[in-house]
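Read through the structure below, which is laid out as structure tokens, and then see the notes.
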Amino acid sequence: SIFLLKEKDIGWIIKSTTLFFFFFFALFSIFSSPWGKKNLTLGSFVYAPTYLNYGIDVVKETIERDKILFYKEGLSNIAVMKRGPNTILKVNGKVDASNSVDDLESEVLAGVLPMIFHPDPKEVLVIGLGSGITLGSINQFSDAENIDVLEIDPATIEAASYFKPFNHDALNDPRVKTVLADGRNYMLLNDKKYDVISSHPSNVWVAGNVNLFTKEYYELAKSRLKNDGLMFQWVHVYSMDSESVHAVYKTFQEVFPHVYLFNSSNSGDMFMVGALENDSNFLNFDSLSEKMADEGIAAEFQRIYIMNPYELLAYLVTEGDRFKAFAESARVNTDDKNFLEFQAPKSIHKATVTEALREIDTLRSELNLYIFGLEEGDELENLKRHFEFRKRLLPAQAALSEGHLFEAVEGYASARDATNLISPSFEMRTMQGCDVAALVVQNDAGAEAAKRVYEQCEKVFGPIELPDYLTQ
């Protein structure tokens, strides 16, 4: 300001106006309340439609109940929050990991799927630490001798310590080597070969992540696999148009000659396992049964309510030539023509799960169930029943993704009663939906209306303990 006053070539009007704003913002910064850490972790760029849908009162109540356990700004804004029984990892405000039923299934499967299907996974590479739950799942396999985990942000490594109860204290396993590095750069500078590589970055439309969804990235990963190695890739179908999803499928299959596609029970996540060799025993039922008999491996699957090989194999959507034909006309995403970086974000606020579920239904209906090595008999019939349950569950998954709670409840009951099978994960997600719907209704129409929400849910799920705000 002193230099401004001394400057003769600047008129007094400009000087006075500039000085006014200078002093105004100085006073504003002194007397205004600081930006709260909770405000900085809201992730409005992703969750704005949800906040608007639930209403300001519900959002405020949720924010007030959240407790910040860890907060650090560096390469990204990293926060660990406690929300009820759930511990949540947020990166720039977006939930990237948690121990909730929504996330736990995907986090565990990112570890166990490539490990369970590999005959002898001794050398393992994990790209992206997150909460460490995926790493912890891999650690449950005694076959693994050396496990390298790559993480680009040191704050994330610190944050993972808050998930020790859920990730088996993964980073302190003596087999684990934590490397602070970019995944692609590490593989470029390191010629070590692995049996399994698990890649579970954040969403395609988050800036920078799309570089882990290009053909060149997959070629680099392929060059670091042994001849019988397996590559795991997570991809989301929520908030992403089908053209972008198909492009990820196509790009992955351009590099890996035989690919298996699985989906989650929470409907929004897909998992690809790419193999360099076509192994006829890859999906063998007896082989899976033997591996799942291991106490540690079985316990890890049970965390996500997969109790036997039937339930695991029913996650399969398609494989091999059928999958290739499905994505044949899609574009390939490359470093030089990285169109997904600009196309994928256009769908960030769109409802895209229902269309993806229709595609899953079509692909799974074409699946040859004899690929699992079972002959006609009780075991094959039981497997068919599990696949039928997954098919009947799809309408309920679609309804829940679109916010149609009671339609989801009725659809689940229909699938359950027709097959005599259950999905605890889906039940828990639906019950969470009942809690949220009741809270919104209570704010709009009062306690009695909220109780009626629970009454509808109780018809399918049995007695429900009402929250405190409805019993006081």
Side-chain angles (χ1 to χ4, degrees), residues 74-76 91 96 107 110-115 117-160 167 170-202 204 206 208-235 248 251-252 254-257 259 271-277 333-336 338:
L75 295 177
S76 299
V91 179
D96 261 14
E107 292 160 342
V112 298
L113 275 180
M115 296 296 287
F117 288 119
H118 193 285
D120 190 22
K122 295 185 182 302
E123 302 289 336
V124 183
L125 177 64
V126 181
I127 300 177
L129 173 63
S131 64
I133 292 176
T134 293
L135 174 63
S137 295
I138 289 172
N139 292 355
Q140 303 315 297
F141 288 76
S142 58
D143 292 340
E145 296 178 354
N146 297 293
I147 307 168
D148 296 336
V149 57
L150 309 180
E151 175 54 52
I152 195 171
D153 195 331
T156 300
I157 298 175
E158 292 183 60
N167 66 22
L171 290 175
N172 288 322
D173 189 305
R175 299 169 296 170
V176 171
K177 176 184 176 182
T178 306
V179 182
L180 185 62
D182 171 79
R184 289 187 65 156
N185 289 341
Y186 177 85
M187 288 192 291
L188 278 170
L189 298 172
N190 193 317
D191 59 1
K192 181 178 179 180
K193 298 281 188 175
Y194 295 92
D195 298 298
V196 165
I197 297 177
S198 178
S199 180
H200 190 173
S202 189
V204 177
V206 172
N209 286 331
V210 76
N211 294 320
L212 301 182
F213 290 92
T214 67
K215 182 180 179 181
E216 289 80 3
Y217 168 68
Y218 295 137
E219 288 174 336
L220 179 58
K222 179 182 177 180
S223 72
R224 298 297 176 259
L225 283 174
K226 297 179 183 179
N227 291 337
D228 61 349
L230 297 179
M231 172 73 176
F232 173 91
Q233 177 67 66
W234 167 88
V235 63
V248 176
T251 304
F252 193 76
E254 281 286 292
V255 176
F256 296 97
V259 180
F271 318 103
M272 292 185 289
V273 179
L276 304 183
E277 299 176 346
N333 194 50
T334 66
D335 285 348
D336 290 339
N338 201 336

Which pair of heavy atoms, one from [X] and one from [Y], lies closest together, and at what distance?
X: L171; Y: A160; result: CD1-CB, 4.2 Å
X: E219; Y: V255; result: CG-CG2, 3.7 Å
X: S198; Y: F232; result: OG-CD2, 3.6 Å
X: Y186; Y: L150; result: CD2-CD1, 3.5 Å
X: G111; Y: I138; result: CA-CG1, 3.6 Å
X: A170; Y: G132; result: CB-O, 3.8 Å

Worksheet entry | Working for side chain to side chain contact (heavy atoms under 4.5 Å, CB included), residues N209 and V204 | CA-CA 6 Å; N209 286 331; V204 177; over 6 Å; no
Can you tell if the side chain of [X] reaches within under 4.5 Å of the side chain of [Y], non-hydrogen atoms only?
X: P121; Y: Y194; result: no
X: I152; Y: L180; result: no
X: M231; Y: P114; result: no
X: F117; Y: L230; result: yes
X: R224; Y: I197; result: yes
X: V248; Y: W234; result: no

Item to complete: Could you note down all residue pairs passing salt bridge (Lys or Arg N to Asp or Glu O under 4.0 Å) where residues 174-198 supplies at least one of them, sequence neighbours left out?
Response: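 The answer is E123-K192, D148-K192, D173-R175, R184-D335, D195-K226.
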Worksheet item: Given the rule in the side chain to side chain donor-acceptor pair (under 3.5 Å) test, do T251 and Y217 qualify, once you have shown the distances and angles that lead to the verdict?
Response: CA-CA 10 Å; T251 304; Y217 168 68; over 6 Å; no
Practice prompt. Enter the distance from L276:CG to N227:CG here, rounded to the nearest 0.5 Å.
Written response: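 The CG atom of L276 sits 7.5 Å away from the CG atom of N227.
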Fill in: From OG1 (T334) to CD (E216), nearest 0.5 Å
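Going from the OG1 atom of T334 to the CD atom of E216 covers 5.0 Å.
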Fill in: Contacts of H118 that satisfy ring pair (Phe, Tyr, Trp, His ring centres under 6.0 Å) - sequence neighbours left out
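Here no residue qualifies.
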Fill in: Partner residues of F252 under the ring pair (Phe, Tyr, Trp, His ring centres under 6.0 Å) criterion, sequence neighbours left out
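Per chain and number, F252 pairs via ring pair (Phe, Tyr, Trp, His ring centres under 6.0 Å) with Y218, F256.
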Worksheet item: Is D336 atom CG crowded by more than 12 heavy atoms from other residues, nucleotides or ligands, each under 6.0 Å away?
Response: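 Check fails, neighbour count at 12 or below.
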Has the side chain of [X] got a donor or acceptor atom that lies under 3.5 Å from a matching backbone atom of [Y]?
X: S137; Y: V112; value: no
X: T178; Y: V149; value: no
X: E107; Y: T134; value: no
X: N338; Y: T214; value: no

Fill in: Polar side chain donor-acceptor pair, D96 to S202, under 3.5 angstrom
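S202 and D96 do have a side-chain donor-acceptor pair below 3.5 Å.
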Fill in: Criterion side chain to side chain contact (heavy atoms under 4.5 Å, CB included) on M115 and V124, from CA distance to verdict
CA-CA 9 Å; M115 296 296 287; V124 183; 3.8 Å; yes
Item to complete: Check the pair V176, L135 against side chain to side chain contact (heavy atoms under 4.5 Å, CB included), reporting the backbone distance first and the verdict last.
Response: CA-CA 9 Å; V176 171; L135 174 63; 4.1 Å; yes
Practice prompt. Go through the steps for Q233 and V273 under the test side chain to side chain contact (heavy atoms under 4.5 Å, CB included), then give the verdict.
Written response: CA-CA 6 Å; Q233 177 67 66; V273 179; over 6 Å; no
